[in-house]
Amino acid sequence: MPRAQSLTLVLPAYNEEARLGPALDELFGYLNRRGTTSREGRPGAEALPPDVHVLVVDDGSTDGTAELVRARTEHADGRLDLLTVPHGGKGAAVRAGMLHASGDVIVFTDADMATPPDELVPLVDALADADAAYGSRIQPDGSDMRASQPAWRRALGKSFHVLASLWVVGPVQDTQCGFKGFRRDVARDVFARQHIISIVFDVEVIYLVRRRGYRHQVVPIRWADRRGSRMRPGLGLAIRVAWDLFRIPLVHRDVRRAAARSSDQPAG
């Protein structure tokens with residue numbers, strides 16, 4: 001497939017006034033250093049498509065998230081855009097952003113930059129030969145970057161993975177990594193079919209990629225646990241997660257494989 005010439009980075013944000021400013025500083029600082037390499041010697045931002053656009057999806061925030069975005073110089077010069085949607089949760093915000101974005105390749109990531117910006121390079125590279133690419137906090141040597149999370153989060157994650165792998169996603173081990181990329185035509189096909197807006201939406205997206213017969217790659221990435229999660233474990237959340245996992249294959253039982261894709265087909 002031809003390499004992408006444009007990238008849209010989608011950042012869902014709900015009441016992120018405190019964390020979004022430093023995250024955007026980090027992101028645009030990296031993007032502005034084209035022609036350099038990172039401290040770790042990894043490829044710099046020049047390895048990304050020449051046209052990079054950032055889209056913040058304001059998920060009905062009640063704080064100054066939207067005003068913060070509008071006040072930035074990158075918003076004035078057209079590199080940063082704002083899409084405001086009624087509050088519906090992360091899954092709804094990601095869906096809106098992925099369907100609104102116009103890049104040849106589209107990546108969504110967490111607004112706190114828990115995944116460093118230079119991890120965009122291997123993820124976008126993977127999309128030269130795949131239709132979808134999933135960041136994974138599990139490393140090739142088997143180590144798991146989620147080890148820094150609280151014990152209760154790790155226990156919930158393991159239980160969730162057992163259920164998800166058996167019923168929905170197969171061998172993808174880190175379904176919940178909030179760092180995933182898609183070629184534009186695939187993103188529009190998959191996210192137009194998305195129904196789940198709870199924390200299980202990542203699983204539904206992976207299921208749809210498999211169901212439609214798209215090619216995917218898993219990309220090990222660096223990640224840091226940034227405190228501030230709004231997830232509150234409890235019986236209600238457990239029931240919602242179990243129900244959403246159960247119904248994903250049922251909701252999409254009529255979905256069929258996409259038409260075969262030519263190796264030189266452009267993205268969208």
Side-chain angles (χ1 to χ4, degrees), residues 6-34 36 38-39 44-45 48-103 105-121 123-124 135 148-149 176-182 184 187 191 194 197-199 201-202 221-232:
S6 59
L7 161 67
T8 302
L9 184 61
V10 174
L11 278 66
Y14 175 65
N15 288 347
E16 289 285 1
E17 181 182 10
R19 298 194 297 178
L20 186 58
L24 290 174
D25 289 342
E26 180 181 359
L27 173 59
F28 281 105
Y30 171 72
L31 294 176
N32 290 338
R33 292 193 297 272
R34 291 180 182 268
T36 67
S38 69
R39 286 176 296 178
L48 295 175
D51 179 12
V52 180
H53 189 79
V54 179
L55 173 65
V56 174
V57 183
D58 174 23
D59 183 28
S61 299
T62 57
D63 66 357
T65 294
E67 289 75 15
L68 183 153
V69 174
R70 294 191 188 100
R72 292 191 63 97
T73 57
E74 297 90 357
H75 185 263
D77 66 26
R79 292 184 295 157
L80 174 65
D81 201 2
L82 175 70
L83 174 65
T84 299
V85 296
H87 180 57
K90 182 179 178 181
V94 168
R95 178 178 61 196
M98 298 299 282
L99 293 175
H100 183 84
S102 59
V105 292
I106 308 170
V107 174
F108 72 82
T109 189
D110 293 330
D112 60 3
M113 289 293 117
T115 303
D118 60 358
E119 295 295 341
L120 284 166
V121 172
L123 196 78
V124 172
S148 61
Q149 287 185 320
Q176 300 311 107
C177 181
F179 191 60
K180 295 181 174 67
F182 305 81
R184 183 177 65 234
F191 285 89
Q194 177 194 339
I197 60 173
S198 71
I199 61 172
F201 84 92
D202 294 87
I221 52 97
R222 293 176 299 126
W223 176 86
D225 185 23
R226 303 283 175 94
R227 295 296 188 261
S229 170
R230 296 184 177 88
M231 188 178 76
R232 297 294 179 263

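Sequence positions, counted from 1, serve as the residue numbers for this chain.
Atom-to-atom distance recorded for I106:CD1 and M98:CE is 5.0 Å, nearest 0.5 angstrom. With rounding to the nearest 0.5 Å, the separation of CG in L20 from OH in Y14 is 15.0 Å. Expressed to the nearest 0.5 Å, how far CG of L120 lies from CG of L7 amounts to 6.0 Å. Rounding to the nearest 0.5 angstrom, the gap separating the CG atom in L82 from the CG atom in L55 is 8.0 Å. To the nearest 0.5 Å, atoms CG (L99) and CD (Q194) are separated by 8.0 Å. To the nearest 0.5 angstrom, T109 atom OG1 is 11.5 Å from W223 atom CH2.
The closest side-chain heavy-atom distance from E74 to L24 is not below 4.5 Å. Taking 4.5 Å as the limit, every side-chain heavy atom of V107 sits out of range of all side-chain heavy atoms of F182. Side-chain contact check for F28 versus V54: some heavy-atom pair is nearer than 4.5 Å. Considering only heavy atoms from C-beta on, V105 stays 4.5 Å or farther from R184 through its side chain. The shortest side-chain heavy-atom distance between L68 and E16 does not fall under the 4.5 Å cut-off. At least one side-chain heavy atom of F179 sits less than 4.5 Å from a side-chain heavy atom of E119. V69 places none of its side-chain heavy atoms less than 4.5 Å from the side chain of D58. Side chains of T8 and F108 form no contact here, defined as non-hydrogen atoms less than 4.5 Å apart.
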**OP:** For K90 and D59, run salt bridge (Lys or Arg N to Asp or Glu O under 4.0 Å): C-alpha distance rounded to whole Å, both residues' side-chain angles, the deciding distance at 0.1 Å, then the answer.
**Re:** CA-CA 7 Å; K90 182 179 178 181; D59 183 28; over 6 Å; no
Subject >> Stepwise side chain to side chain contact (heavy atoms under 4.5 Å, CB included) test for H53 and L9 >> reply: CA-CA 6 Å; H53 189 79; L9 184 61; over 6 Å; no
Original post:
Passes side chain to side chain contact (heavy atoms under 4.5 Å, CB included), E26 versus L31? Steps please.
Top reply: CA-CA 9 Å; E26 180 181 359; L31 294 176; over 6 Å; no
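A donor-acceptor pair is defined here as one N or O able to donate and one able to accept, closer than 3.5 Å; no such pair exists between the side chain of H87 and the backbone of T62. Within the 3.5 Å criterion, the main-chain N or O of D112 finds no donor-acceptor partner in the side chain of D110.
In this structure, S61 and A13 approach most closely via the heavy-atom pair OG-O, 3.5 Å. Closest approach of P49 and S6 over heavy atoms only: CB-N, 3.6 Å. Nearest heavy-atom pair, R19 versus P22, reported as atom, atom and distance to 0.1 Å: O-CD, 3.4 Å. Taking all atoms of both residues into account, the shortest heavy-atom contact from G135 to L123 is N-CD1, 3.8 Å. For the residue pair V10 and P12, the shortest heavy atom distance occurs at O-CD, 3.7 Å. For the residue pair L83 and A96, the shortest heavy atom distance occurs at CD2-O, 3.8 Å.
Remark: R79 does not engage D51 in a salt bridge, criterion side-chain N to carboxylate O under 4.0 Å.
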